[in-house]
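Order of the sequence lines sets the chain letters (A, B, ...), proteins ahead of strands, with each chain counted from 1.
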Amino acid sequence: MITNKSRSRHKLDFLISWFVPVILIGVWQILSSIGWISTRTLPAPLTVIESAVHLTTTGELFHHIGDSAVRALLGLGIGGSTGLLLGFLNGIFPIAEKLLDSTIQMLRNIPHLALIPLAIMWFGIGEESKLFLVALGVFFPIYLNTFHGIRHIDPGLIEVGKVYQLTNWYFIWHIMLPNALPSILIGLRYALGIMWLTLIVAETISFDSGIGYMAMNAREFMQMDVVVLSILLYALLGKLADVFAKILEKRCLRWRVNG
Amino acid sequence: MNNKISGTMLKIQGLQKKFGNNPVLDQVNLQIEPGEFIAVVGRSGSGKSTMLRLIAGIEKPSAGMMLQDGQPISGLNSDARMMFQEARLLPWKRVFENVALGISDKNKEKRKEQTNEILQRVGLINYKDEWPNILSGGQRQRVALARALVSRPRLLLLDEPLGALDALTRIEMQQLIEELWQEQKFTSILVTHDVEEAVVLADRVILIKDGKVGMDIQVPLPRPQAESSGLCFTGWKYPGSGYGCFTNIGEPASGQNFSI
């Protein structure tokens, strides 16, 4: 009974959250149809859908999305794992923190997109420069939050570890890591946002494939519908990444039930 | 169950602990017999908790000698388990895993058997797959007690473990600790600021004052002391029901006699 009720409640919440976007698109379509919005300023939603269908049938759309996704995930993998590793290292060993942390904090203050010219000169306009920028962008939020999570541990639990004479391995794996996990996952959510942002910029500067390339290419040919489609794709992928992060959070933090 | 296991004997001589230049404990002399239940009382800041932490080996003494069964305590005391004022459970491990943390034995079957046994004993076997977050304060302390006792330690150190509990839960826990102590025969040192609790549970009450043992008094009462001390203040018991002031709470039947 209760679960049924809460499920329909969930459904309702879900519908409510989509109410405003659907209305906005509806108004947009109507204004375009009656000619209040010129198709040169903004194509009608139906035109965008048509071009999406067209690009899907030619296979072009998935080719670009696939390329972008691979780039995003590879960059996240490289930058994220480095951040995680260094966060752990500096969180656990004070000597590593002394050695590395101030350098990392200095680098953190450079906006990573400012390094685009340098990245192009180092790596050319191929995959490497894009991966470099994405990895650099996601590194900092993951590093900072991992470090923070490791450091903020209840001293009481450290004492429990001592009294019960837990091995270092057990302590790191079963106490430090789960203790830091909520913080690490917050870092991941930040990183996912930065990942798409970086990719949008990186893909518009160097031409071969990807959603950014699709958008820039369409601009050359004044294909307004494809430009808008690319922008919507980024919004959708960004949302998807966020949903994924939320699911991960729910799964990993099951123990945070309300007492 | 196992007669070979019994409590440790402790001999403390000239124990001193300084924080900075301030001696918190100074010249503590104390002898504790195997299987004895000692309560340590004193004002807050009197160093009673510090003494417990020194015996556990979490902190190092500034001077003096601590002998356990004739051997000096150096480093962490592996015969001792400690309970704190907060349960200090791992919120990301279920109750069973939290208790099993107390066992160093790698044998899975043995771990399972011992953990289930002690969970049964503290009355939480039905909660073994729950997260600690859903438990009440008293239940969490029972999990912490199970974790402390699952490995059958020879010395149990209790640092005001009942301080944060409500009165009824507190009396239940006192009974449980007393029962388990009588079954397992470990030596027990309870730090408390509740003199009543000290008298109910301990064979001997020690007052720490000005960093020294100020008083050392035997409690000359037959067990259960809760009844014989007359401290069974709000409970009633049925005639012939024997032990426990609060075990029989319920409808007052005719013929009940109040313990005060």
Side-chain angles (χ1 to χ4, degrees), chain A residues 2-3 6 84 87-88 91-92 94 142 145-189 245-259, chain B residues 49 52-60 75-95 97-106 127 129-140 143-144 146-151 153 155-159 161 164:
Chain A
I2 294 163
T3 49
S6 75
L84 205 62
F88 260 86
I92 295 170
I142 293 199
N145 284 286
T146 304
F147 179 72
H148 180 266
I150 296 276
R151 273 301 159 88
H152 283 78
I153 185 164
D154 176 5
L157 290 185
I158 297 178
E159 249 175 41
V160 167
K162 275 189 191 171
V163 172
Y164 286 89
Q165 298 181 317
L166 304 178
T167 57
N168 284 338
W169 169 250
Y170 189 94
F171 191 77
I172 290 173
W173 192 248
H174 293 276
I175 297 184
M176 268 187 164
L177 178 67
N179 180 69
L181 204 56
S183 182
I184 294 173
L185 289 173
I186 289 173
L188 178 67
R189 273 180 87 171
K246 264 190 185 164
I247 291 171
L248 201 68
E249 226 166 80
K250 236 183 180 166
R251 268 207 66 78
C252 293
L253 307 179
R254 271 174 305 168
W255 49 272
R256 279 184 158 187
V257 280
N258 297 321
Chain B
S49 287
L52 217 56
R53 297 161 68 81
L54 289 171
I55 296 171
I58 303 176
E59 275 176 56
K60 289 195 168 27
L76 288 163
N77 188 343
S78 54
D79 286 322
R81 289 289 186 248
M82 193 156 171
M83 256 183 96
F84 306 91
Q85 183 162 7
E86 329 80 55
R88 299 192 184 176
L89 305 178
L90 304 180
W92 43 82
K93 297 229 177 260
R94 294 179 195 272
V95 167
E97 283 299 320
N98 260 294
V99 174
L101 184 82
I103 309 174
S104 48
D105 200 317
K106 288 279 176 283
Y127 289 85
D129 294 323
E130 298 289 354
W131 301 111
N133 272 2
I134 71 146
L135 303 181
S136 69
Q139 287 171 327
R140 281 180 212 182
V143 176
R147 177 177 70 183
L149 293 181
V150 69
S151 60
L155 176 62
L156 181 65
L157 305 170
L158 302 158
D159 191 0

**Q** Can you tell which of Pro132(B), Ser78(B), Ser151(B) has the highest number of heavy-atom pairs within less than 4.5 Å of chain A?
**A** Ser78(B)
**Q** Any donor-acceptor pair under 3.5 Å linking the side chain of Arg81(B) with the backbone of Val163(A)?
**A** yes
**Q** Can you check whether Glu159(A) reaches Met82(B) side chain to side chain, under 4.5 Å on heavy atoms?
**A**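 The answer is no, as the side chains (C-beta and beyond) never meet within the 4.5 Å cut-off.
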**Q** For chain A, which candidate among Glu130(B), Glu86(B), Lys93(B) shows the most heavy-atom pairs at distances under 4.5 Å?
**A**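 Between Glu130(B), Glu86(B), Lys93(B), the count favours Lys93(B).
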**Q** Return a table of donor-acceptor pairs under 3.5 angstrom between the side chains of residues 180-187 of chain A and protein atoms on other chains or two or more places apart.
**A**
{"residue": "Ser183(A)", "atom": "OG", "partner": "Asn145(A)", "partner atom": "O", "Å": "2.7"}

**Q** Supply the atom-to-atom distance Asn77(B) CG to Lys162(A) NZ, rounded to the nearest 0.5 angstrom.
**A** 14.0 Å
**Q** Is atom OH of Tyr164(A) surrounded by more than 12 heavy atoms (other residues, nucleotides or ligands) closer than 6.0 Å?
**A** yes
**Q** If I measure from the heavy atoms of chain A, does Arg53(B) come under 4.5 Å with its side chain, its backbone, both, or neither?
**A** side chain
**Q** If you compare all heavy atoms of Leu157(A) against all heavy atoms of Arg88(B), which two are closest, and at what distance to 0.1 Å?
**A**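 Of all heavy-atom pairs spanning Leu157(A) and Arg88(B), the closest is CD2-O, 3.9 Å.
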**Q** Is any side-chain heavy atom of Leu101(B) closer than 4.5 Å to a side-chain heavy atom of His174(A)?
**A** no
**Q** Compare every heavy atom of Arg254(A) with every heavy atom of Trp131(B), then report the nearest pair and how far apart it is.
**A** NE1-O, 3.7 Å
**Q** Is it the side chain or the backbone of Leu157(B) that comes within 4.5 Å of chain A heavy atoms, both, or neither?
**A** neither
**Q** Could you walk me through whether Trp255(A) and Leu90(B) pass side chain to side chain contact (heavy atoms under 4.5 Å, CB included), step by step?
**A** CA-CA 10 Å; Trp255(A) 49 272; Leu90(B) 304 180; over 6 Å; no
**Q** Around atom NE2 of His148(A), are there more than 12 heavy atoms of other residues, nucleotides or ligands at under 6.0 Å?
**A** no
**Q** Check whether any side-chain heavy atom of Leu253(A) sits under 4.5 Å from a side-chain heavy atom of Trp92(B), and report yes or no.
**A** no
**Q** Please flag which part of Ser104(B) lies under 4.5 Å from any non-hydrogen atom of chain A: side chain, backbone, both or neither.
**A**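 Neither part.
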**Q** At a heavy-atom separation under 4.5 Å, does Asp154(A) approach chain B through its side chain, its backbone, both, or neither?
**A** neither
